[in-house]
Chemist: 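The structure under discussion is supplied below as structure tokens; questions concerning it will follow.
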Amino acid sequence: MNFTQLALVFLGGGIGASMRWLLSVAAVRLIGTAFPAGTFAVNLIGCFLMGLVVEYWSCRLGLSENLRLFLTTGLLGGFTTFSSFALEAVLLGERGALALSVFYALGSLVLGLSAVVGGIALARAIAG
């Protein structure tokens, strides 16, 4: 394990999570709580930026491994893990593993929602 890379991911993750929180607070103040606009915006912005960083800066300009880790795994990973999920699903498809890409996307959605429901049910059962 490279301590410098760990520190860059840690720092980027903290900045990204703080940015997510600030955007979510602003969305609640501007729009209210009827729709999770902050999370929705964060996910879309994060996905766009993930595509931009990976394709343009990393692939085209040769971004260093340390800077790529800071921006993708750290900053954007802390901002939204949805962007990492979306990138991985697209990359599976681009590698010709379309069925695996669809399985990953649908499985993540269905099983993720089911896991939340299961966690809520367990917590409610324990709490009475």
Side-chain angles (χ1 to χ4, degrees):
M1 177 184 310
N2 181 319
F3 179 77
T4 300
Q5 291 178 334
L6 178 63
L8 288 168
V9 169
F10 175 80
L11 179 63
I15 293 168
S18 298
M19 290 170 45
R20 177 181 65 232
W21 178 75
L22 288 170
L23 197 146
S24 294
V25 168
V28 166
R29 288 185 180 158
L30 291 171
I31 299 168
T33 59
F35 179 76
T39 301
F40 188 70
V42 161
N43 286 336
L44 295 179
I45 292 165
C47 286
F48 175 78
L49 291 175
M50 183 66 82
L52 181 67
V53 167
V54 168
E55 181 61 26
Y56 186 73
W57 284 332
S58 189
C59 293
R60 307 248 185 230
L61 297 181
L63 195 66
S64 73
E65 178 72 9
N66 285 348
L67 190 51
R68 187 196 60 76
L69 279 171
F70 172 77
L71 290 173
T72 59
T73 306
L75 186 75
L76 293 174
F79 189 59
T80 171
T81 57
F82 189 80
S83 60
S84 297
F85 155 76
L87 176 66
E88 290 165 350
V90 168
L91 290 177
L92 280 169
E94 285 186 346
R95 291 182 192 133
L98 187 58
L100 192 56
S101 175
V102 170
F103 171 78
Y104 177 64
L106 293 178
S108 294
L109 178 63
V110 171
L111 295 175
L113 292 172
S114 298
V116 169
V117 169
I120 289 170
L122 179 60
R124 288 178 180 167
I126 292 169

Chemist: Side-chain contact, heavy-atom cut-off 4.5 Å: Leu87 with Leu76?
Modeler: no
Chemist: Please report the interatomic distance CG(Leu44) to CG(Leu49), rounded to the nearest 0.5 Å.
Modeler: 11.0 Å
Chemist: Output the distance between atom CG (Leu113) and atom OG (Ser108), rounded to the nearest 0.5 Å.
Modeler: 10.5 Å
Chemist: Establish whether Val25 and Val28 are linked, either directly or via other cluster members, by ILVMFWY side-chain heavy-atom contacts under 4.5 Å.
Modeler: no
Chemist: Just wondering, more than 12 heavy atoms not from Phe35 lying within 6.0 Å of its CZ?
Modeler: yes
Chemist: How close do Thr39 and Ser24 get, counting heavy atoms only, and between which atoms?
Modeler: N-OG, 4.2 Å
Chemist: Do you reckon Leu11 sits in the same ILVMFWY cluster as Trp21, going by side-chain contacts under 4.5 Å, direct or chained?
Modeler: no
Chemist: Tell me whether Leu67 shares a hydrophobic cluster with Met19, the cluster being built from Ile, Leu, Val, Met, Phe, Trp, Tyr side chains joined at under 4.5 Å.
Modeler: yes
Chemist: Pick out which of Asn66, Leu71, Thr72 makes a side chain to side chain contact (heavy atoms under 4.5 Å, CB included) with Arg68.
Modeler: Thr72
Chemist: What class does the angle between the rings of Tyr104 and Phe85 fall in, given that below 30° is parallel, 30 to 60° is tilted and above 60° is perpendicular?
Modeler: tilted
Chemist: Show the nearest heavy-atom pair for residues Val42 and Phe79, with the distance to one decimal.
Modeler: CG1-O, 3.2 Å
Chemist: To the nearest 0.5 Å, what is the distance between CD (Glu65) and OG1 (Thr4)?
Modeler: 12.5 Å
Chemist: Mind listing the closest non-hydrogen atom pair of Gly93 and Ser101 along with its distance?
Modeler: N-CB, 3.6 Å
Chemist: Do Leu91 and Glu88 come within less than 4.5 Å of each other through their side chains, counting heavy atoms only?
Modeler: no
Chemist: Kindly indicate whether the side chain of Leu63, heavy atoms from C-beta on, has any atom under 4.5 Å from the side chain of Val53.
Modeler: yes
Chemist: Which distance, rounded to the nearest 0.5 Å, do you find between the CG of Leu92 and the CG of Leu100?
Modeler: 5.0 Å
Chemist: Please report the shortest heavy-atom distance between Ala27 and Ala37, naming the atom on each side.
Modeler: CB-C, 4.2 Å
Chemist: Decide whether Val54 and Leu52 are clustered together by the hydrophobic rule: side chain heavy atoms of Ile, Leu, Val, Met, Phe, Trp, Tyr closer than 4.5 Å, transitively.
Modeler: yes
Chemist: If I take atom CG from residue Leu109 and atom OG from residue Ser114, how far apart are they, to the nearest 0.5 angstrom?
Modeler: 9.0 Å
Chemist: Locate the shortest heavy-atom distance separating Ser18 from Gly14; write the atom from each residue and the value.
Modeler: OG-O, 2.9 Å
Chemist: Look at the side-chain heavy atoms of Ile, Leu, Val, Met, Phe, Trp and Tyr, link any pair under 4.5 Å apart, and say whether Leu61 and Leu75 land in one connected group.
Modeler: yes
Chemist: Can you confirm whether Met50 sits close enough to Thr80 that some side-chain heavy atom of one is under 4.5 Å from a side-chain heavy atom of the other?
Modeler: no
